[in-house]
Amino acid sequence: MASETLTVDAFSNVPLFSCFSRAELARLLNLGQVKSVEPFTNVMIEGELSWGMYLVLEGQVGVYKVNPITGASHEVGQLQSGAFFGEMSLIDELPRSATVQSLTTCRLFFVDKEAFQRVMLSTPDLRLRFAESCMRLLVGRLRVLNDDYVVSQYQLWHKALGSLRGVA
């Protein structure tokens, strides 16, 4: 079991779990499992069914999205120890939204959706606390995305208009 090699303290700094008490984190640890993966292993593939979420304990993974127009896959980010992915599967039934591949040898903690739901139902207000935590994380991600979008649009238009004027 995961609890033999991991402690609640390892999870107390994970933003997604900030709303969990130590006892709730301990329950979650007991229901999850540690998985080791070799470099360049697809941990999850965009479009496949979602079964749970992962926390990176050691190593580094790359996150890839397929361009729907060209079909080409592009790296959109990298995650290291303490980061998590697949969390959207805890909330909806939609397929995976990205491919995640190990870039190094990795130790990952996996919690399947059913186990996560059992923990959520164990405390009356945990679902509300978790929803609030997810909203805060989502708002933070949207703020970063908005800033990145504005900067990329500025750069794109600046370059396009500059090339029309003969200025690079």
Side-chain angles (χ1 to χ4, degrees), residues 1-37 41-66 68 75-150:
M1 267 299 171
S3 60
E4 296 171 5
T5 57
L6 298 176
T7 65
V8 169
D9 291 332
F11 287 75
S12 61
N13 293 326
V14 176
L16 186 65
F17 301 137
S18 64
C19 63
F20 284 64
S21 70
R22 291 185 67 78
E24 292 159 348
L25 283 174
R27 272 185 247 135
L28 190 63
L29 274 172
N30 286 326
L31 294 174
Q33 61 186 10
V34 175
K35 296 183 176 192
S36 293
V37 295
T41 301
N42 285 335
V43 179
M44 55 188 224
I45 299 172
E46 185 174 356
E48 56 179 29
L49 294 177
S50 298
W51 301 110
M53 69 157 290
Y54 294 85
L55 174 69
V56 180
L57 299 173
E58 294 174 10
Q60 186 174 16
V61 299
V63 182
Y64 303 87
K65 288 285 296 171
V66 171
E75 184 179 279
V76 295
Q78 293 184 2
L79 304 173
Q80 298 179 4
S81 298
F84 54 90
F85 58 93
E87 73 281 2
M88 291 190 288
S89 72
L90 302 176
I91 297 169
D92 66 24
E93 304 295 325
L94 297 175
R96 297 287 190 193
S97 62
T99 295
V100 176
Q101 183 182 79
S102 59
L103 301 176
T104 63
T105 299
C106 293
R107 277 185 62 232
L108 306 170
F109 180 77
F110 176 75
V111 178
D112 72 46
K113 186 172 186 164
E114 288 181 19
F116 186 80
Q117 291 303 322
R118 284 196 300 274
V119 172
M120 296 299 286
L121 294 172
S122 69
T123 306
D125 69 332
L126 183 55
R127 292 179 75 84
L128 178 59
R129 288 186 281 135
F130 181 71
E132 290 172 348
S133 179
C134 287
M135 282 188 284
R136 279 191 298 279
L137 289 170
L138 180 60
V139 166
R141 288 178 178 175
L142 283 172
R143 288 181 189 281
V144 169
L145 184 62
N146 285 342
D147 289 345
D148 290 350
Y149 177 78
V150 168

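Annotation: side chain of D125 is in contact with side chain of T123 (closest heavy-atom distance under 4.5 Å). The shortest side-chain heavy-atom distance between L31 and E114 does not fall under the 4.5 Å cut-off. Using a 4.5 Å heavy-atom cutoff, the side chains of K113 and E93 are in contact. Using a 4.5 Å heavy-atom cutoff, the side chains of F11 and F20 are not in contact. Residues T105 and S36 fail the side-chain proximity criterion, which asks for heavy atoms closer than 4.5 Å. When side chains are defined from C-beta on, L16 counts as touching M53, because their heavy atoms get closer than 4.5 Å. By the 4.5 Å heavy-atom criterion applied to side chains, L108 and V34 are not counted as neighbours.
Applying the salt bridge (charged side-chain N to carboxylate O under 4.0 Å, His left out) test to pairs two or more places apart or on separate chains, those with a residue in residues 8-23 are D9-R22. Each side chain to side chain donor-acceptor pair (under 3.5 Å) pair with one or both residues in residues 45-57, not counting sequence neighbours, appears once here: E46-K65.
With S21 contributing its side chain and E24 its backbone, the two residues share a donor-acceptor pair below 3.5 Å. Distance alone, capped at 3.5 Å, places no donor-acceptor pair between the N42 side chain and the I45 backbone. Judged by distance alone, the side chain of S102 and the main-chain N or O of T41 form a donor-acceptor pair under 3.5 Å.
For the atom pair M44 CE and Y64 OH, the distance stands at 13.0 Å (nearest 0.5 Å). Annotation: the span from R136 atom CZ to C19 atom SG amounts to 7.5 Å, rounded to 0.5 Å.
Applying the ring-ring contact (aromatic ring centres under 6.0 Å, His included) rule to F130 yields the partners F116; only residues at least two apart in sequence or on another chain are considered. A search for side chain to side chain donor-acceptor pair (under 3.5 Å) contacts involving E58 returns R107, not counting sequence neighbours. Here R96 pairs with nothing under the side chain to side chain donor-acceptor pair (under 3.5 Å) rule; sequence neighbours left out.
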Expected list for residues 79-92: side-chain donor-acceptor pairs under 3.5 angstrom, two or more places apart:
| residue | atom | partner | partner atom | Å |
| --- | --- | --- | --- | --- |
| S81 | OG | L57 | O | 3.1 |
| E87 | OE2 | R141 | NH1 | 2.7 |
| E87 | OE2 | R141 | NH2 | 3.1 |
| S89 | OG | G52 | N | 3.4 |
| S89 | OG | G52 | O | 2.9 |
| S89 | OG | G86 | O | 2.7 |
| D92 | OD1 | L94 | N | 3.3 |

